[in-house]
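The structure appears right after this line, and notes come after that.
Starting from 1, each residue takes its place in the sequence as its number.
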Amino acid sequence: MSESKMSEWKTVTVDLDGSVAVVTLNRPHKRNAMSPQLHIDMSDVLEKLRYDTASKVLVITGAGESFCAGMDLKEFFVELKDNPAEFDRIYRMATEWRYRTLRYYPKPTICMVNGYCFGGAFTVVEACDLAYVAKEATLGLSEINFKHYPGGSVSKSLANLLRPRDALFLAMTGRTFKGDRAAEIGFVNAAYPAADLRREVMAIAHEIAQKDPDALQACKEGYRFSLEMSAEASMNFTAAKSDQLTMRQKDSWRSEGIGDFLSGKYRPGLGGHEQAAKPSS
Ligand code: ACO
C-alpha cells in the first residue's frame, strides 16, 4: 500500500494511504479551531484532491485529541471585526468549502470525528457523505453559551440532518453530548471506541475506494440533487445521469458489471468482483 504525505499547507496535512486521502486539520494547540488560514488551506486542499488521480476517497479528521473546536473565535470573530471586506471574504470561503464543496464533492467523503467537535465543525460532519465518531468524543453546539446561535451554514446543516427536537434542544441548551449519543440521533453513522476509530473508518474508506469512481459520483449526485427536486424532475435527472455514467465508463457497467454476472464469474448481490467471485468448478 503506497503512503505519502503532502505538507504544503500551514494548517492542514494530507496523507495518502493507498487510494484514501486522509485530510487532517492540523492546529492541535488550538484544538483545530478553523482560522482564516485554515479556510484558505482547506479550500485549496479540496481543489487539489478533486483532480488528484491517486486518491479516490477522502477522510477528514483532526490532529491530536480534538476534531475541531469550531470557528477560531479570536482570529475570525474578534480580529476581523473592523475589517468587513476581509470578514466577508473569509466568511464566504468558510461557507463555500464546508457547505457546498464538500456536499457536492465528486469523491466520497468520510468525517472521522476523533475528539472535540463544536459549533461550526458540525457543518463539516454534516456535509460529508458518512461520519464516524469516537465514543469518548465531546460534541456540542456551544454558540448559545457565548450569547450567540448556530449561524452561518450551521443552522441549515442542523435542519438537513437532525430531528427538530434534537436540533433545537442542542442549540438552545449548548449542552455537550458524547459520541454514542451522536450516533443515536443520526448525526453520525456509528460510534467506535477511540482506540478502534481509525481502523474501522479506514476499512470502510478502503472498501468504498474499490468501487467504480464514476458510479460513486453518480450515486452521490443522484441522491444529493434528488433531495432538492420533485419526483418527476429527479427521475428525469437520474435517467440523464445514467446516460452520463454509461458514457464516462464506456458502458463497462453493462459489459463487465452485468456481463461478468451473466457469465457466472461473481454474484453482485453479495459484493463486488473480489468479494463475491464464484468458485471455479
Ligand atoms: N477559537 C479560538 N481558539 C480556540 C478555540 C476556538 N474555537 N478553541 C480552543 N481554542 C484555543 C484556546 O484559546 C487555547 O489557546 P491558548 O493556548 O493560546 O490559550 C487553546 O485553544 C487550547 O484551549 P483550552 O481551552 O485551553 O483547551 P481545553 O482542552 O481545556 O478545552 C475546548 C478545549 C473545550 C475546545 C475549549 O477550548 C473551548 O470551549 N473552545 C471553544 C469551543 C467553541 O465554543 N467553539 C466555537 C463554536 S461556534 C462556531 O464555530 C461559530
*Go through the structure and list residues passing side-chain hydrogen bond (donor to acceptor under 3.5 Å, both in side chains) with Glu207, not counting sequence neighbours.*
none
*Does Lys48 pair with Glu8 as a salt bridge, N-O distance under 4.0 Å?*
yes
*asked:* Contact between Ile204 and Leu130 at the side-chain level, heavy atoms closer than 4.5 Å - yes or no?
replied: yes
*Would you say the side-chain atoms of Lys178 pair up with the backbone N or O of Glu136, donor to acceptor, closer than 3.5 Å?*
yes
*Min side-chain heavy-atom separation Val45-Trp97 under 4.5 Å*: no
_Ion pair Lys220/Asp129, N-O distance below 4.0 Å_ = yes
*Could you tell me which residues satisfy side-chain hydrogen bond (donor to acceptor under 3.5 Å, both in side chains) with Asp88, sequence neighbours excluded, listed by chain and number?*
none
_Tyr105 side chain to Arg50 backbone, donor-acceptor under 3.5 Å_ = yes
*Minimum heavy-atom distance Ala171-Pro150, with the two atoms named*: CB-CG, 3.9 Å
_Distance-minimising heavy-atom pair for Ala209 and Val20_ = CB-CG2, 4.4 Å
*Crowded around Arg267 CZ? As in, over 12 foreign heavy atoms under 6.0 Å?*
yes
*How far does CD of Gln249 sit from CD of Gln244, to the nearest 0.5 angstrom?*
10.5 Å
*Shortest non-hydrogen contact from Ala205 to Val59?*
CB-CG2, 3.9 Å
*To the nearest 0.5 Å, how far apart are NZ in Lys56 and CG in Leu16?*
10.0 Å
_Salt bridge Arg27-Glu75, side-chain N to carboxylate O under 4.0 Å_ = yes
*Do the side chains of Leu80 and Tyr91 get nearer than 4.5 Å, heavy atoms only?*
no
_Is it true that Asp212 and Trp253 share a donor-acceptor pair across their side chains at a distance under 3.5 Å?_
no
*Evaluate whether atom CZ of Arg175 has more than 12 neighbouring non-hydrogen atoms of other residues, nucleotides or ligands under 6.0 angstrom away.*
no
_Glu228 atom CD: more than 12 heavy-atom contacts under 6.0 Å_ = yes
_From Trp9 atom CH2 to Ile40 atom CD1, the distance as rounded to the nearest 0.5 Å_ = 14.0 Å
*Measure from NZ or CZ of Arg165 to the centre of the six-membered ring of Phe169, then state whether that distance is under 6.0 Å and the direction lies within 45° of the axis.*
no
*Can a salt bridge be assigned to the pair Arg92 and Glu96 using a cut-off of 4.0 Å between side-chain N and carboxylate O?*
no
*Aromatic ring pairing Phe225/Tyr104, orientation class (parallel under 30°, perpendicular over 60°, tilted between)*: parallel
*Does the Arg198 side chain pair with the main chain of Ala195, one donor and one acceptor, at a distance under 3.5 Å?*
no
*Have Glu232 and Asn236 got a donor and an acceptor in their side chains that come within less than 3.5 Å?*
no
*asked:* Parallel, tilted or perpendicular, judged at 30° and 60°: which one describes the rings of Phe87 and Phe76?
replied: parallel
_Flag for Ser35-Lys30: side-chain donor and acceptor within less than 3.5 Å_ = no
*asked:* Less than 4.5 Å apart, side chain to side chain, heavy atoms only: is that true for Leu158 and Leu141?
replied: yes
*So, Asp52 and Ser55: side-chain donor and acceptor under 3.5 Å apart, yes or no?*
yes
_With sequence neighbours excluded, residues passing side-chain hydrogen bond (donor to acceptor under 3.5 Å, both in side chains) with Asp180_ = none
_Using every non-hydrogen atom in the two residues, find where Ile208 and Pro108 come nearest and quote the distance to one decimal._
CG2-CG, 3.8 Å
*asked:* Is it the case that the side chains of Thr123 and Arg98 hold a donor-acceptor pair, with the cut-off being a distance below 3.5 Å and no angle test?
replied: yes
*Do Tyr99 and Asn160 have side-chain atoms, one donor and one acceptor, less than 3.5 Å apart?*
yes
*Minimal non-hydrogen separation, Thr11 against Leu38, with atom names*: OG1-CA, 3.1 Å
_Rounded at 0.5 Å granularity, tell me how far NZ in Lys74 sits from CZ in Phe77._
15.0 Å
*asked:* For Ala131 versus Val125, what's the shortest heavy-atom pair and its separation?
replied: CB-CG1, 3.7 Å
*If you round to the nearest 0.5 Å, how far is CG of Leu25 from CD1 of Ile60?*
7.5 Å
*Please determine if Glu221 and Lys241 form a salt bridge, counting it only when a charged side-chain N lies under 4.0 Å from a carboxylate O.*
yes
*Any ion pair linking Glu126 and Arg103 (charged N to carboxylate O, less than 4.0 Å)?*
yes
*Report the relative orientation of the aromatic rings in Phe187 and Phe177; use parallel for angles under 30°, tilted for 30 to 60°, perpendicular for over 60°.*
perpendicular
*Is it true that atom CD of Glu79 has more than 12 heavy atoms of other residues, nucleotides or ligands lying nearer than 6.0 Å?*
yes
*Ala194 backbone acceptor or donor facing Asn114 side chain under 3.5 Å*: no
*Arg181 with Asp166: basic N within carboxylate O range, under 4.0 Å*: yes
